[in-house]
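First comes the structure, then the notes that go with it.
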Amino acid sequence: ATFPEAFKRQIEARVPLVQVSEPGELRPGFFSTGPLGTSIPEQALAVQTPAGLVVVTGCAHPGMELLAQQALAAADSKEATLLVGGFHLGGANVREVDRIITALQALGVQRVAPCHCTGTQAQRRFAAAYGTDYHSVGAGWTLTLTSEPEAGP
């Protein structure tokens with residue numbers, strides 16, 4: 001809903017356009033945070049997969065913590081299997097990066113895949129904090145998520 005009208009008309013000329021102005025379910029298993037932030041409004045997409053909730057962000061201008069919180073709330077989920085996208089931390093100091101890592105872990109973010117605007121320092125800190133649950137990503141990156149079999153009696 002926050003995109004310029006000319007851009008929306010270009011999209012409508014090719015495919016049906018669904019404007020999102022509030023958090024909620026877009027289609028079964030697909031959720032939006034709704035637009036967040038003031039200077040550059042953005043939204044995140046949350047997808048319920050067999051392995052759990054996957055949250056996809058753009059550049060996270062409103063803040064990765066806020067986007068993750070809102071994605072979990074929109075999907076009514078207690079944790080996220082994966083958080084992937086730009087984390088917008090290229091200029092953040094170590095204290096701020098560590099605060100965000102702690103906040104995301106407290107929110108139940110199990111794996112992270114920060115990319116384009118995250119910054120090298122932040123990527124290193126996330127890699128150290130998440131260990132094997134950190135994924136170095138870029139164009140063409142893929143990850144296959146599988147659900148764990150439930151433990152028997």
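In what follows, every heavy atom counts, from backbone to side chain, and hydrogens, waters and symmetry copies are set aside.
- Tracing side-chain contacts under 4.5 Å through hydrophobic residues (I, L, V, M, F, W, Y), one never reaches Phe3 starting from Val18; they form parts of separate clusters.
- Between His135 and Trp141, the ring planes are tilted. Angles from 30° to 60° get that label.
- Taken together through direct or relayed side-chain contacts under 4.5 Å among Ile, Leu, Val, Met, Phe, Trp and Tyr, Tyr134 and Leu89 form part of one hydrophobic cluster.
- When atom types are taken as modelled, the side chain of Thr81 and the backbone of Ala51 share a donor-acceptor pair closer than 3.5 angstrom.
- In this structure, Ser32 and Ala74 approach most closely via the heavy-atom pair O-CB, 3.4 Å.
- Side-chain contact between Leu145 and Val54 is present, with heavy atoms from C-beta onward closer than 4.5 Å.
- Clustering ILVMFWY residues whenever any of their side-chain heavy atoms sit less than 4.5 angstrom apart, transitively, puts Val15 in a cluster other than the one holding Leu26.
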Would you please test Ile100 and Thr102 for side-chain contact (heavy atoms from CB on, under 4.5 Å) and show each step? CA-CA 5 Å; Ile100 292 168; Thr102 300; over 6 Å; no
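- Taking 4.0 Å as the cut-off between side-chain N and carboxylate O, Arg9 and Glu12 do not count as a salt-bridged pair.
- Taking the side chain as every heavy atom from C-beta outward, Thr57 and Leu83 approach each other to under 4.5 Å.
- Between Leu107 and Glu65, the shortest heavy-atom contact is CD1-O, 3.9 Å.
- Side-chain contact between Leu82 and Leu143: present, with at least one pair of heavy atoms (C-beta onward) separated by less than 4.5 Å.
- Rounding to the nearest 0.5 angstrom, the gap separating the CZ atom in Phe31 from the CG atom in Leu45 is 10.0 Å.
- Expressed to the nearest 0.5 Å, how far NE2 of His116 lies from SG of Cys59 amounts to 4.0 Å.
- When all heavy atoms are compared, the tightest approach of Leu66 to Pro62 is CD2-O, 3.9 Å.
- Using a 4.5 Å heavy-atom cutoff, the side chains of Asp133 and Gln110 are not in contact.
- With no hydrogens or angles considered, no side-chain donor-acceptor pair links Gln123 and Thr118 at under 3.5 Å.
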Hey, mind stepping through Phe87 and Val97 against side-chain contact (heavy atoms from CB on, under 4.5 Å) and telling me if it holds? CA-CA 10 Å; Phe87 286 21; Val97 171; over 6 Å; no
When you look at Leu104 and Tyr130, which way does the side-chain contact (heavy atoms from CB on, under 4.5 Å) test go after all the steps? CA-CA 11 Å; Leu104 293 177; Tyr130 275 88; 3.9 Å; yes
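- More than 12 heavy-atom neighbours from other residues, nucleotides or ligands sit within 6.0 angstrom of CD on Glu25.
- With contacts defined as side-chain heavy-atom distances shorter than 4.5 Å, the pair Val47/Leu53 does not qualify.
- Counting all heavy atoms, side chain and backbone alike, Ser21 lies closest to Ala1 at CB-CB, 4.0 Å.
- Side-chain atoms of Glu22 never come within 3.5 Å of backbone atoms of Gly34 as a donor-acceptor pair (strictly under, hydrogens ignored).
- Between the CG atom in Leu67 and the CD atom in Gln43 there is a gap of 9.5 Å [rounded to 0.5 Å].
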Please walk me through it: do Leu36 and Glu42 pass side-chain contact (heavy atoms from CB on, under 4.5 Å)? CA-CA 5 Å; Leu36 300 168; Glu42 290 183 46; over 6 Å; no
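- Contact record, Thr33 with Ala44: OG1-N, 2.9 Å, taken as the closest heavy-atom pair.
- Asn93 has its side chain within reach of Glu96: a pair of non-hydrogen atoms, C-beta onward, lies under 4.5 Å apart.
- Scanning both residues, Gly52 and Thr49, for their nearest heavy atoms gives O-OG1, 2.6 Å.
- Counting heavy atoms from C-beta on, the side chains of Ile101 and Arg125 come closer than 4.5 Å.
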